[in-house]
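Below: one structure, written as structure tokens.
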Amino acid sequence: MKRCWSEHELIEHWTIHAVERELLAPRIDRGCLGFAVLLKFFQLDGRFPRYHKEIPGAVLVFVGEQLAVPPAAWFDYDLKGRSSQRDREQIRHFLGFRPITVADARRLQEWLQREIVPLDPDRRSLRAAVADWCRAHQVEPPTAGRSERFVAAAVRRFEEALCAAIHARLPEPTRRRLDALLGADLSAEAANDDSAETSPSGFSFLKSDPGRIGLASVEREIAKLKRIREIGLPEGLGSTSPKWLARYRARATTESIRELRRHAEPVRYTLLAAFCGQRGHEITDGLVDLLIQIVHRISVRAEKRITAEVVGEWQRVQGKTGLLFRIAGAALDHPDGVVREVLFPLVGESTLAALVQESRTQGPTFRHRLRTLIHRSYGHHYRRMLPLMLDTLVFRSNNRAHRPVIQALDWLRAHREDRRPRIACTDIPIDGIVRPKWQDLLVEEGPGGDRINRIDYEICTLQALREGLRCKEIWVEGADRYRNPDADLPADFESRRDEYYQALSQSRDPDQLIERLRQMMRAALVALDEGLPQNPKVRLRVGGQHRLVVTPLDPQPEPTQLRSLKAEIGRRWPMTSLLDVLKETDFRVGFTEAFRTLASREVMSQETRQQRLLLCLYGLGTNAGLKRMAASNREVSYSDLLYVRRRFIEKSALREAIRRVVNATFAARLTHIWGEGTTACAADSKKFGAWDQNLMTEWHIRYGGRGVMIYWHVERRAACIYSQLKRCSSSEVAAMIEGVLRHCTDLEVQQSYVDSHGQSEVAFAFCHLLGFELMPRLKGLAAQKLNRPEAGRPDDYPRLHAILTRPIAWDLIRTQYDEMIKYATALRLGTAEPEDILRRFTRPNVQHPTYAALAELGQAVKTIFLARYLHDEGLRREIQGGLNVVENWNSANSFIFYGKSGEIATNRLEDQEISVLALHLLQASLVYVNTLMVQQVLEEPGWLERLREEDRRGLSPLLYHHVNPYGSFELDLAKRLPIDRAEAL
């Protein structure tokens with residue numbers, strides 16, 4: 001059950017009504033409170049609570065106040081006693097529920113196997129489906145163990161049927177080609193050769209990730225994709241749930257060649273077919289990424305080189321107008337004179353040379369040099385890429401504006417053998433391919449009509465293709481992230497429109513949204529306008545671009561008692577091993593139970609599995625590595641840990657473990673120490689160094705150096721609810737939205753604090769439609785403007801005229817309202833990644849009508865926020881404090897992730913993501929244990945009373961001065977290294 005409840009939610013779900021009070025009549029004190037909590041909990045969750053702490057403190061206070069019973073009486077109520085059993089029976093009878101029967105169990109298993117399991121293999125989702133079915137049929141849910149057996153039986157039966165169906169669907173030639181993948185690697189292993197990793201016919205070759213950006217990586221990925229296409233998988237596999245295919249793909253990746261061959265045919269062919277199908281989509285996406293980055297690299301490198309040359313050559317000649325007048329006068333006075341005799345003495349030969357040099361570094365000359373360098377780089381090296389891409393990838397577009405790019409690609413594909421250096425402009429599209437500012441330079445006039453150099457035309461086509469791919473107006477057949485953008489939207493939106501509007505809490509009538517926003521804009525602008533004279537820290541200037549002046553926040557009082565608290569924690573738990581912190585968290589939370597084998601069965605004992613999992617997670621989370629963990633522990637070997645890493649540790653299991661730890665942290669908090677639960681979350685990214693022979697690592701333009709970004713979502717008391725591994729150039733807006741929607745913890749995020757890079761007008765629009773507030777700390781605050789709710793009179797908001805601009809185009813919002821709801825629904829349902837959906841709404845695609853409507857809606861929401869932000873110093877301080885929390889979280893990363901100088905030392909994307917999630921789990925465990933330590937100290941007499949307001953404000957469980965992440969160091973002076981001829985000093 002979630003931990004944070006608003007007053008409105010408490011009244012709606014936990015109010016005891018008159019008919020329910022009649023049931024409480026014979027009970028007093030703890031019995032009365034216990035019965036009431038059981039009753040309301042069952043009404044809300046469809047089951048009875050399993051332990052006392054499952055009930056949030058705010059709920060106990062609210063229910064206790066209605067009954068005049070202290071909340072602490074709940075903990076005296078025996079959940080397993082005879083009185084509790086009688087209360088449960090009475091509640092079941094009152095609500096019309098009954099215990100589950102054998103017939104109910106059989107129907108439930110059949111329903112699971114037929115309706116639910118085919119869609120999602122996740123055990124947590126299946127258990128939730130069991131609870132929903134029981135509630136719908138007014139049956140009390142089975143115990144946790146029995147429910148798990150129901151789910152396991154339904155999954156096993158479905159998998160048997162699915163493997164048999166896929167096996168029957170594969171023709172015999174396809175089966176032989178799948179077996180040939182394994183045979184090639186087995187032959188290499190038998191020969192003790194490394195060709196299994198490099199041969200384009202082996203299974204291991206298909207598993208390898210793309211290398212560094214370059215032509216060699218393109219050729220390698222194309223060879224993989226051709227090998228997969230040669231297998232000839234039937235199209236029918238696409239009807240299987242992508243989640244099941246991803247599960248089988250992960251299982252095939254973790255097993256060795258010999259293990260795959262030992263499976264029965266239905267299982268073996270299902271694993272291989274799922275792997276090849278999913279891998280084909282991934283390789284296609286990787287090829288598109290390579291294409292986009294190579295085209296960008298050609299232009300950027302040329303611009304950098306030319307710019308460096310220009311800076312070195314650039315000279316500025318002062319007084320050019322006066323020089324021109326003097327030269328003109330001298331030419332008229334001496335029309336037949338010699339230049340050396342007339343002009344050189346007047347102006348100077350060096351000055352004339354400087355003028356010529358300055359002209360060469362500006363305007364058309366610069367573009368000509370840039371074009372020459374790009375032409376040379378592409379023609380001498382990268383041009384080999386174009387025919388390979390045209391043979392391998394099929395590009396499509398649903399937008400007429402991008403049809404010239406598709407036509408240009410078709411012409412180049414059809415005329416690949418044409419060796420003519422120039423192309424007649426009448427044979428090819430020019431508009432939409434060659435940018436207008438380049439047409440005068442590239443298009444040549446001739447006696448037979450205008451012509452263009454073929455290499456230049458190919459470069460322009462690739463640049464236009466890149467822009468279309470980035471905004472998804474051009475898509476690729478067989479891709480996943482670059483697929484048809486229409487597939488990103490919910491296919492059943494038309495038939496379930498009312499349901500989707502209701503899920504977003506939005507009205508079908510756009511005028512209701514518009515009128516509500518208008519009223520909010522008016523109220524916010526009036527409050528800012530009228531409060532400006534009493535707001536000394538906000539001033540407006542007339543004229544110039546920077547018209548807003550906001551005085552920085554005054555420093556708050558320093559916490560004086562927290563130093564004593566930290567010292568006491570360090571005294572009681574000195575140099576606590578970080579591995580012991582992880583172990584203690586598992587003993588209390590049981591997060592290692594989330595790690596299940598990807599194989600069909602598990603023979604390892606629970607104790608052995610727990611030990612090896614903790615060692616693996618610690619080695620990955622600290623970046624120390626599995627070899628060092630094995631070397632420091634005699635009970636396990638490196639191969640033991642490597643087996644557990646491959647078979648048990650994968651992304652979904654790590655996220656489930658993190659969810660359990662974070663929820664346990666929420667449940668363990670004492671409200672009289674930490675305060676009531678919050679609904680706010682801060683989001684920010686941190687750069688980590690990483691190996692660069694992959695497509696994830698990029699150069700960071702702000703921080704410098706190659707690396708990746710980890711995007712964290714941290715709530716006010718240092719519990720991190722979500723983390724993501726992102727490229728340095730990826731959208732922080734998409735990362736922010738994904739974290740809010742996908743975190744799966746008990747926290748209900750209603751406010752999201754971000755920095756300037758995590759906000760945009762489109763972000764404001766989507767956050768409003770999705771039901772949470774975007775609250776950024778704006779970097780360029782001085783240049784911000786406010787929109788008007790309507791075309792106003794001169795006396796409207798008289799003090800704000802300097803920063804007011806045009807009114808919002810409400811008609812555009814009204815016209816595109818249904819489309820905006822459709823995209824917001826796609827984000828909520830996860831039909832595609834947020835970054836893939838938001839890619840359509842970027843500046844290169846500004847003509848998209850939905851983009852324009854989202855920008856207008858975002859400007860309206862941003863105006864409301866900005867007016868509140870300027871008017872309320874408390875809001876500015878709240879946002880600043882929230883972002884300080886995530887900055888503190890970032891500072892702890894380097895303390896924990898210390899191995900290999902804090903660099904992610906792998907080129908495999910999966911291993912990079914596992915390292916990040918393991919770090920997240922380790923740091924979340926530290927916060928959980930510190931929460932318990934802080935509470936143990938403050939619960940003792942005298943400690944809590946010493947805390948002042950500033951101490952409570954700064955109280956955080958993210959402490960590590962008392963933690964030792966490195967292990968123990970033993971020195972034995974009687975022991976020597978086994979080196980020959982050792983001599984004592």
Side-chain angles (χ1 to χ4, degrees), residues 1-11 14 29-30 33-34 36-37 40-41 49 51-77 556-569 572-573 588-589 661-681 714-719 721 745-748 750 874 878 881-882 885 888 924 926-959:
M1 173 165 288
K2 70 176 187 175
R3 313 307 300 174
C4 303
W5 293 82
S6 66
E7 183 178 358
H8 173 75
E9 291 174 328
L10 290 171
I11 294 173
W14 294 93
D29 297 338
R30 66 183 182 188
L33 180 61
V37 171
K40 304 307 293 185
F41 189 97
Y51 48 90
H52 288 94
K53 288 189 176 181
E54 198 169 357
I55 309 301
V59 170
L60 293 177
V61 171
F62 182 77
V63 177
E65 288 177 350
Q66 298 179 71
L67 304 175
V69 177
W74 162 249
F75 296 95
D76 297 329
Y77 181 79
Q556 292 183 300
E558 284 287 335
T560 57
Q561 300 299 321
L562 292 187
R563 185 175 300 175
S564 301
L565 176 62
K566 292 178 181 179
E568 179 66 16
I569 291 174
R572 296 192 186 189
W573 297 280
R588 292 172 177 267
V589 179
V661 174
V662 173
N663 285 344
T665 304
F666 293 153
R669 287 177 181 169
L670 301 177
T671 55
H672 64 280
I673 293 178
W674 305 102
E676 294 296 334
T678 179
T679 58
C681 176
V714 187
E715 59 91 48
R716 293 298 298 265
R717 293 299 182 182
I721 63 173
T745 68
D746 291 342
L747 181 68
E748 289 192 4
Q750 297 179 7
E878 175 189 344
V885 172
N888 188 30
L926 176 63
V927 169
Y928 171 73
V929 171
N930 280 343
T931 299
L932 302 180
M933 290 179 175
V934 170
Q935 291 179 171
Q936 182 172 327
V937 174
L938 294 181
E939 282 285 87
E940 296 182 358
W943 273 101
L944 194 59
E945 292 77 9
R946 293 168 57 182
L947 297 186
R948 302 176 182 177
E949 181 181 353
E950 56 267 23
D951 297 311
R952 289 182 176 273
R953 184 192 69 245
L955 185 62
S956 171
L958 189 57
L959 312 171

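We count residues from 1, following the sequence as given.
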Candidate pair Val662 and Glu715, rule side-chain contact (heavy atoms from CB on, under 4.5 Å), full reasoning: CA-CA 11 Å; Val662 173; Glu715 59 91 48; over 6 Å; no
side-chain contact (heavy atoms from CB on, under 4.5 Å) assessment of Arg952 paired with Leu944: CA-CA 10 Å; Arg952 289 182 176 273; Leu944 194 59; 3.6 Å; yes
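No more than 12 heavy atoms of other residues, nucleotides or ligands sit less than 6.0 Å from atom CD of Glu558. Enclosure of atom CZ in Arg953 by more than 12 non-hydrogen atoms of other residues, nucleotides or ligands within 6.0 angstrom is indicated.
Taking the side chain as every heavy atom from C-beta outward, Leu565 and Asp951 never approach each other to under 4.5 Å. Side-chain contact check for Val934 versus Ile569: some heavy-atom pair is nearer than 4.5 Å. The shortest side-chain heavy-atom distance between Glu939 and Leu670 falls under the 4.5 Å cut-off. Between Leu562 and Glu950 there is no side-chain heavy-atom pair separated by less than 4.5 Å. In this structure, the side chains of Met933 and Leu959 stay at 4.5 Å or more apart for every pair of heavy atoms. Contact of the Phe666 side chain with the Ile721 side chain is registered, since non-hydrogen atoms from C-beta on lie closer than 4.5 Å. Glu949 places none of its side-chain heavy atoms less than 4.5 Å from the side chain of Gln556.
Nearest heavy-atom pair across Leu747 and Ala680 is CD2-O, 4.3 Å. Considering every non-hydrogen atom in both Thr665 and Val927, the closest pair reads CG2-CG1, 4.3 Å. Nearest approach of Gln561 to Arg946, heavy atoms of both residues: CG-O, 3.2 Å. Closest approach of Leu33 and Pro70 over heavy atoms only: CD2-O, 3.6 Å. Scanning all heavy atoms of the two residues, the minimum distance from Trp674 to Pro957 falls at CZ3-CD, 3.9 Å. Considering all non-hydrogen atoms of both residues, Trp943 and Leu938 come closest at CB-CA, 3.8 Å.
In this structure, Arg717 contributes its side chain and Leu955 its backbone to a donor-acceptor pair below 3.5 Å. At least one donor-acceptor pair under 3.5 Å links the side chain of Trp74 to the backbone N or O of His52. Asp746 places no side-chain N or O within 3.5 Å of a backbone atom of Asn663 that could act as its donor or acceptor partner.
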For a quick test of your reading: what N or O donor-acceptor pairs under 3.5 Å do the side chains of residues 58-67 make, sequence neighbours left out?
from  : atom 1 : to    : atom 2 : distance (Å)
Gln66 : OE1    : Ile16 : N      : 2.9
Gln66 : NE2    : Trp14 : O      : 3.0
Gln66 : NE2    : Phe62 : O      : 3.4

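With rounding to the nearest 0.5 Å, the separation of CD1 in Ile673 from OG1 in Thr931 is 10.0 Å. In this structure, the separation between SG on Cys681 and CD on Gln750 is 12.5 Å, given to the nearest 0.5 Å. Rounding to the nearest 0.5 Å gives a distance of 12.0 Å between CZ of Arg669 and OH of Tyr928.
With sequence neighbours excluded, the residues satisfying salt bridge (charged side-chain N to carboxylate O under 4.0 Å, His left out) with Glu940 are Arg572.
For His672 and Gln935, the side-chain atoms include no donor-acceptor pair closer than 3.5 Å.
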